[in-house]
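Here is the structure we will look at, set down as structure tokens.
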Protein chains: 2
Amino acid sequence: MATTFQLDTLKIRMNDAALQRLDLHHRIQRALRALIMDGVLGPRVKLPATRGLAKSLGVSRDTVENAYVQLHRDGYIVRREGSGSYVSETVGIELRGATRKRAKLEPKPGAAQPGTGLSRRGRAILDSGGVSDQQVIKAFATGLPETRTFPTGVWERLQRQVMKDSRDHVLLHGDPQGAEPLRRAIAAHLNLERGAKVVPEQVLVLSSTRQALYLCAQLLADADKPILMENPGYFGARKAFEAAETRIVPIDVDAQGIRTDLLHADRSGASCVYVTPSHQYPTGVTLSLERRLALIAWAARHGKWIIEDDYDSEFHYDGSPTACVQGLDRHQRTLYLGTFSKTLYPGLRMGYMALPLELVDAFSRARSIMDGHTPQILQLTLARFMEDGHYHSHVRAMRKLYAGRREVLLASLVKRLDGVVQAVRPPGGLQIPCLLPQPGWTEEKTVRLAERAGLRLPGLSRLYAGEFRQLGWLLGYASLTAYEIEDAVLRLSNALSSA
Amino acid sequence: MATTFQLDTLKIRMNDAALQRLDLHHRIQRALRALIMDGVLGPRVKLPATRGLAKSLGVSRDTVENAYVQLHRDGYIVRREGSGSYVSETVGIELRGATRKRAKLEPKPGAAQPGTGLSRRGRAILDSGGVSDQQVIKAFATGLPETRTFPTGVWERLQRQVMKDSRDHVLLHGDPQGAEPLRRAIAAHLNLERGAKVVPEQVLVLSSTRQALYLCAQLLADADKPILMENPGYFGARKAFEAAETRIVPIDVDAQGIRTDLLHADRSGASCVYVTPSHQYPTGVTLSLERRLALIAWAARHGKWIIEDDYDSEFHYDGSPTACVQGLDRHQRTLYLGTFSKTLYPGLRMGYMALPLELVDAFSRARSIMDGHTPQILQLTLARFMEDGHYHSHVRAMRKLYAGRREVLLASLVKRLDGVVQAVRPPGGLQIPCLLPQPGWTEEKTVRLAERAGLRLPGLSRLYAGEFRQLGWLLGYASLTAYEIEDAVLRLSNALSSA
């Protein structure tokens, strides 16, 4: 640690790239502060007189004086009448032992001890690994739509209009429940396309289905109030529920969807059930009408909530999609979840819920505490995009595109992997479940082989709670062109046959 | 309930505005489904033969057949060879008693029973009332910056560039930790302007300070691990902490900021302390250097975390702002929180944290579960806005503007309300604390009188935990022009003198 002031050291610090944009007196002050904080100038070291330092640096005396005033005000130096300026004693003492080397102060990635200093929930979240989203287009990642066809030109034009028409409004805070025009557009869409019965006052605009699931877990479940969930089921939902320190009770799924007889028999004290009625995740099964009605009867009788995740119902290829549970439920027990991540694009970060009216206040307030609201400019642009019919057109075009891609994938699987996998033909959605009926082909092994060929095979087994496991994959195809699909299946076939 | 099919009823339903955009066979199918769901067509009612209905409606037989096929597939009707199509028995039985009147099905806003069916946390959040943000410019709401001066033209130009350069990337999912260019820009900004020591790997991009506080509460505190908090302190932080079912232990603030002697004496088992060192909320006090060092020493010695909310440090008017606690802390115990809501605009929904490296994984994973990430297009646009120097220029211009507005408000208060209020002159920030030293002027009374004059007086008393309360207001002024400030103070003065 230096015991005297070195002009060169100060000059070097002042030339630090980070300081170049600052005024001269700020540069002097920051450089001196850095030298004190790093211990280069230790406690009681005398600083040069302002006049002398000004001359050495070729600046005015006022400039140096300004820097010293600020350092003094902040407590880094003391100034003694007639004697001069010194590095503060206190700073030195308090920083002692941590000031020797700059290198020591750099964060060391290796030194992190996972989980130390976290809450119980924090450790659970760390251990869960979080949710990894696919950040590039890759066969056969699930849940990704085709983004290359999105009409960004139209979107940008509408966004400019919104900025012009509602500038003052979009720059300020918005309603935590969501912008009214968007809630109106969403309600109209749900009533028309999904057979829902929704008024705009029931709609809550969110950033994603994930946020909706997180809110459900926080607001409906407690440590002693579990959540019932389809088994197998969507891993994102499981993670959101687990992060809320709640217990998950699995309910089996069969060829008609979730087994409502098991629901009626459940005595866990659960407050709600999570279901994916349009295309069950991952089996692709559409919940039968009878089961839908039995589900509603169960909820109404016992005062339970139905969390209906309608994540990709817009993409139903064989006939039109069945009306949603929400529209059949006359008892206001259904929380409907929808997303624009699949119909528009995931980077948009926009989803929504249609809530029973009695839950609207609690959910909106939770949102106001959790993160406020979704950016207004995006909400109002989306409202226009829907009002002007662009949403409807885009979804219709994508439905046609994906239906074709589904055929390409099914045909390729038959052509290249017959005898290895047994593909299930779901009536809709963005992915196809493939079972591995042959002994010898384990999920683990095939996933590893595919990975070496640069392919991702999302496994089915991780979607199960407990023991029973259907081995296989869930192949996403919507974001891939016909050529990309055929190429990927060929590469997969080669990878597997090389083993 | 009708026992026979009425053609007119079907035609009326088919003309429903909501169905006009659909294909003919969809219109027929939806109209029939609606009649069945509403109980207008009861169980076992026979539907007309496809040929007959086609003729009556003037459409092709295929069109009607398509509609019937879908209704049959969804379970709404049964079709008997040689006999015809009937409304399904099951539907009727299950919907019985809830199908009589459409009016009965509309949600009734009055019928909501607050809190029924919510979790414990859900009820607590509902009761807390959430956080109400000011959605229009209004004197004297706190925390709002001037949004009318924001360079939207520059922003839009940069956004178009980003969309052009990184279209494929911004439409897909992003890194839950935040886009790398933005993390780099934030780290550079913090190191230069705030005396921080931050590498981009420590930065977590969020949607707001509120989200940062919520994450802190979830990840650092448990029911038995309280959070220490400045008293008086920021209500938004209190709500975020309470929503996590954690206990808050208040620590008094004096003229040098939070009392670190009380911190050292605390035996509550708390894991962290929440502080606002730059301009304490609401007193405006800057935490002294000695206290900063004592705070760090406490955290390092006991393995506690410091949550440093640096919410408006960019707006420091008297000299440059003191370096942040994070930069002084060589022990990686500080979680630094910053926001763009005040330096740019609240509707942007962008904030960030600079975390100790050992906490980065847990916080990023929690974000990935909670809501994924912040929209990529906004992140990359902001990164360019910062890189190109627009951020720095805008903040500098606003700093000058607000410093002038602070003087206008202080002068107006002296001119119009001398003897009623005693304004405190904070060194920075977007609001001024005003005390009510005179008996006779209660906070409640003045707030009520001001409200009648269309003014909002945010009270100080709600910012205290427990008994001791400094009566007065916290007057926001940054979003108001000089004229608006003078006019509002005059109106306030008139409102108070009329009492």
Side-chain angles (χ1 to χ4, degrees), chain A residues 18 70 73-75 90 94 98 105 107 109 112-113 118-122 125-126 130-131 133 135 147 150 152 170-173 191-192 207-208 210-211 214 218-222 225 239-240 243 289-290 293 319-320 322 330 345-347 349 357-358 362 365-366 368-372 375-376, chain B residues 18 26 70 73-75 90 94 98 105 107 109 112-113 118-122 125-126 130-131 133 135 147 150 170-173 191-192 207-208 210-211 214 218-222 225 239-240 243 289-290 293 319-320 322 330 345-347 349 357-358 362 365-366 368-372 375-376:
Chain A
Q70 181 73 37
R73 178 156 37 202
D74 290 348
T90 336
E94 296 282 347
L105 316 175
Q113 288 161 37
L118 290 177
S119 63
R120 269 194 316 277
R121 309 178 253 250
I125 287 169
L126 180 66
V131 181
D133 291 304
Q135 293 174 31
T147 51
F150 183 73
T152 39
V170 300
L171 296 185
L172 294 173
H173 277 292
N191 295 338
L192 176 64
S207 71
S208 51
R210 213 164 292 169
Q211 188 171 46
Y214 190 84
Q218 294 292 326
L219 294 176
L220 304 180
D222 278 314
K225 228 185 200 179
K239 295 219 168 162
L289 182 64
E290 275 181 79
L293 297 170
S320 41
T322 307
R330 314 306 164 103
Y345 60 92
R349 310 316 295 148
L357 276 173
E358 69 170 282
R365 286 177 194 174
S368 82
I369 292 171
M370 204 183 279
D371 71 341
Q376 298 252 77
Chain B
H26 279 124
Q70 181 73 37
R73 177 156 37 202
D74 291 348
T90 335
E94 295 282 346
L105 314 177
Q113 288 162 36
L118 291 176
S119 64
R120 269 193 317 276
R121 315 175 248 251
I125 287 169
L126 181 65
V131 180
D133 291 303
Q135 294 174 30
T147 49
F150 183 74
V170 300
L171 297 185
L172 293 174
H173 277 293
N191 294 338
L192 176 65
S207 71
S208 53
R210 213 164 293 168
Q211 189 171 44
Y214 190 84
Q218 295 292 325
L219 294 176
L220 305 180
D222 278 314
K225 228 185 200 179
K239 295 218 169 162
L289 182 63
E290 274 182 79
L293 297 170
S320 44
T322 307
R330 315 304 167 102
Y345 60 92
R349 310 316 295 148
L357 276 173
E358 70 170 281
R365 286 176 195 175
S368 82
I369 293 171
M370 203 183 280
D371 71 341
Q376 298 253 76

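Atom set for the values below is all heavy atoms of this structure, side chains included, hydrogens, waters and symmetry mates excluded.
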Among A:A240, A:S368, A:G75, the residue with the most heavy-atom pairs under 4.5 Å to chain B is A:S368
Check: A:P375 main-chain N/O paired with B:R349 side-chain donor or acceptor under 3.5 Å: no
Where on B:S208 is there a heavy atom nearer than 4.5 Å to chain A: the side chain, the backbone, both, or neither? side chain
Best-contacting candidate, A:L171, A:V170, A:T322, A:I369, against chain B by heavy atom pairs under 4.5 angstrom: A:L171
Distance col, row A:Q211:CD vs B:M370:CE, nearest 0.5 angstrom, shows 9.0 Å
Please answer whether the main-chain N or O of A:A221 pairs with a side-chain N or O of B:R121 as donor and acceptor at a distance below 3.5 Å. yes
Name the region of B:Q218, side chain, backbone, both or neither, that has any atom closer than 4.5 Å to a heavy atom of chain A. both
Which heavy-atom pair separates A:A362 from B:I125 by the least distance, and what is that distance? O-CG2, 4.1 Å
Search all heavy atoms of A:L118 against all heavy atoms of B:K225 and return the closest pair with its distance. O-NZ, 3.3 Å
On a heavy-atom basis, the closest approach of B:L126 and A:R365 is O-NH1, 2.7 Å
Let me know if B:Y214 has heavy atoms under 4.5 Å from chain A in its side chain, its backbone, both or neither. side chain
How long is the span from the CG atom in B:D222 to the CZ atom in A:R120, to the nearest 0.5 Å? 4.0 Å
Can you list the residues that meet the salt bridge (charged side-chain N to carboxylate O under 4.0 Å, His left out) rule with A:D74, with sequence neighbours excluded? none
